[in-house]
Student: 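I have a structure here, written as structure tokens, and I will follow up with some questions on it.
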Amino acid sequence: MSDPIIRFDDVTFTYAATDEPALHSISLDIQAGEYVAILGLNGAGKTTLGLCVNGVIPTMLGGNLEGKVTVAGLDVSEYPVREMAKIVGMVFDNPEFQMSQMSVAEEVALGLENAGVPYEDMKRIIPETLELVGLAGFEERSPLGLSGGQQQRLAIAAVLAMQPQVLIMDEPTSNLDPIGKQEVFDMAAKLNRERGMTVIVIEHEVEVMARYADRVIVLDSGRVVMNGTPQEIFSQVDALGELKLRVPEAARLAQLLAKQELWSGPVPIRTESAVEAVNELLGAHNV
Ligand SMILES: Nc1ncnc2c1ncn2[C@@H]1O[C@H](COP(=O)(O)OP(=O)(O)OP(=O)(O)O)[C@@H](O)[C@H]1O
Ligand SMILES: [Mg+2]
């Protein structure tokens, strides 16, 4: 296997003026082109993990970092955040707070200007990137007049304009309505599938992660406590319950049926497979 695009080598990070590490002895490899979901309760260390990848930790947010985080072969602690933004783009939960410009085009241009991209190139990159997120022709619109889903896609466009290899989304849809959520997840899946972009999503929407992610990493109190395929992780209904984490409804249904000895097959994690399973069950009972 080729070198991972992201490597955590025994990383422990403690924020300045705190005693407890926010991340504990994390060792982790993420391959280029993977779609990884990060799950965990509030305070588990999910955002901290993301900030270690984009280099904000340790470069801008102070604290004590032990071990080493490598992104595209570069040691993040030795690489300027501004340069790292060309490799890793990160978007947060509240798109409105990420908007600061008068027009959609200026919003996308901001990062490019900071990175010193020539105006001639910007004229090409801006429409290309807006096209990529389904906002073609929106250049002159006001960011604040967009729907939540459109604003989040604009925030994503602003980081994609830098042509990063990795896109990190930190609870990108928690302030969006169901349509906005769908827009953002569809777009991320498309970038992953069609462009081979490495996608890391910090997310509570387990149904969505069961559908899109290649891998699920569960954090608890700063430690990686589970790391596997969605099937491997979400079929552990009891273990996730002990961590106070949700599982897809399909998996919960299978578990309830199993407790009544009505189901003994593999645990479905998607609604469609649960429906198939229930149909089989009904067939077997001649219902
Ligand atoms: N800037 C900071 N300074 C000091 N401590 C911090 C800072 N940011 C986070 N922490 C602490 O680090 C730990 C991990 O926080 P983090 O924000 O990474 O968790 P999270 O999993 O993203 O939580 P949430 O689901 O609430 O976003 C928590 O104990 C938190 O209080
Ligand atoms: Mg967070």
Side-chain angles (χ1 to χ4, degrees), residues 6-28 30 35-69 71 76-77 81 84-85 88-98 148 151-152 155-156 159 166-176 180-181 184-185 188 198-210 212-213 215-228 230 233-234 239-248:
I6 297 166
R7 166 163 281 174
F8 279 68
D9 189 5
D10 202 10
V11 171
T12 296
F13 177 74
T14 312
Y15 283 102
T18 65
D19 301 326
E20 271 298 294
L23 297 176
H24 266 285
S25 316
I26 305 257
S27 289
L28 201 61
I30 294 175
Y35 190 129
V36 179
I38 314 263
L39 294 182
L41 292 179
N42 293 125
K46 305 179 298 295
T47 298
T48 306
L49 187 92
L51 295 173
C52 286
V53 177
N54 77 354
V56 165
I57 292 174
T59 315
M60 291 168 80
L61 264 179
N64 181 38
L65 181 79
E66 291 165 45
K68 190 165 148 186
V69 182
V71 176
V76 295
S77 64
V81 169
M84 200 47 93
V88 180
M90 187 158 173
V91 291
F92 297 90
D93 57 349
N94 202 328
E96 211 176 316
F97 292 162
Q98 299 174 63
Q151 283 180 344
Q152 189 58 295
I156 294 169
V159 305
V166 179
L167 174 64
I168 307 179
M169 304 199 292
D170 190 351
E171 304 193 30
T173 69
S174 53
N175 290 307
L176 303 185
K181 283 185 206 285
V184 168
F185 284 125
T198 309
V199 174
I200 301 177
V201 188
I202 296 168
E203 197 38 77
H204 298 289
E205 302 271 339
V206 285
E207 255 80 24
V208 182
M209 292 303 103
Y212 290 120
R215 187 143 60 108
V216 176
I217 293 170
V218 181
L219 287 181
D220 186 49
S221 304
R223 296 175 197 274
V224 173
V225 290
M226 289 186 186
N227 182 355
I233 303 303
F234 291 133
L240 286 167
E242 275 168 32
L243 292 167
K244 304 202 165 36
L245 293 172
R246 276 196 54 223
V247 295

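Atoms within each ligand, like the ligands themselves, are counted from 1 in listed order. FYI, the numbering just counts along the sequence from 1.
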Student: Could you tell me, atom by atom, which parts of ligand 1 come under 4.0 Å of a heavy atom of T18?
Tutor: 4 (C), 5 (N)
Student: Under 3.5 Å between some N or O of ligand 1 and some N or O of T47?
Tutor: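 There is such a contact, yes.
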Student: Among L219, L61, T48, whose heavy atom sits nearest atom 18 (O) of ligand 1?
Tutor: T48
Student: So do the side chains of V53 and V71 get within less than 4.5 Å of each other, counting heavy atoms only?
Tutor: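 Yes - at least one pair of side-chain heavy atoms lies under 4.5 Å apart.
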Student: Students should be able to answer this: which protein heavy-atom is nearest to atom 21 (O) of ligand 1, and at what distance?
Tutor: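 Scanning the protein heavy atoms, the shortest distance from atom 21 (O) of ligand 1 goes to K46 NZ, 2.7 Å.
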Student: How about T48: does one of its N, O or S atoms come closer than 2.8 Å to the Mg ion (ligand 2)?
Tutor: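 Coordinating: no.
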Student: Looking only at protein heavy atoms, identify the closest one to atom 9 (C) of ligand 1 and say how far it is in Å.
Tutor: Y15 CE1, 3.4 Å
Student: Can you tell me if N54 uses its side chain to pair, donor with acceptor, with the backbone of M84 under 3.5 Å?
Tutor: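 Absent.
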Student: Please report whether ligand 1 has a polar contact with G43, defined as an N or O pair separated by less than 3.5 Å (distance criterion only).
Tutor: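 N/O-N/O distance under 3.5 Å: yes.
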Student: Counting C-beta onward and ignoring hydrogens, is there a side-chain heavy-atom pair between L28 and I6 closer than 4.5 Å?
Tutor: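 No, too far: nothing below the 4.5 Å cut-off.
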Student: Would the distance check show the side chain of K68 and the main-chain N or O of V76 forming a donor-acceptor pair, the cut-off being under 3.5 Å?
Tutor: no
Student: Is the closest side-chain heavy-atom distance between F8 and L49 below 4.5 Å?
Tutor: yes
Student: Measure from atom 2 (C) of ligand 1 to the protein's non-hydrogen atoms and state whether any distance is below 4.0 Å.
Tutor: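 Yes.
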Student: Work out which heavy atom in P58 is nearest to a heavy atom in L65; give both atom names and the distance.
Tutor: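 Smallest heavy-atom distance, with atoms named: CG-CD2, 3.8 Å.
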Student: Hey, are the side chains of V56 and M90 touching, using non-hydrogen atoms and a 4.5 Å cut-off?
Tutor: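 SC-SC contact between V56 and M90 ruled out.
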Student: Looking at side-chain heavy atoms only, is the closest gap between L176 and Q152 below 4.5 Å?
Tutor: yes
Student: Of all the non-hydrogen atoms in the protein, which one sits nearest to atom 26 (O) of ligand 1, and at what distance?
Tutor: N42 ND2, 3.0 Å
Student: Please confirm whether G40 comes within less than 3.5 Å of ligand 1 when only nitrogen or oxygen atoms on both sides are compared.
Tutor: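 Looking only at distances, the answer is no, because the N/O contact criterion of under 3.5 Å is not met.
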Student: Can you check whether G45 has an N/O within less than 3.5 Å of an N/O in ligand 1?
Tutor: yes
Student: Which bit of E20 gets closer than 4.0 Å to ligand 1, counting heavy atoms only: side chain, backbone, both or neither?
Tutor: neither
Student: By number and element, which atoms of ligand 1 are closer than 4.0 Å to a non-hydrogen atom of E171?
Tutor: 25 (O), 27 (O)
Student: Does CZ in R246 sit with more than 12 non-hydrogen atoms of other residues, nucleotides or ligands closer than 6.0 Å?
Tutor: yes
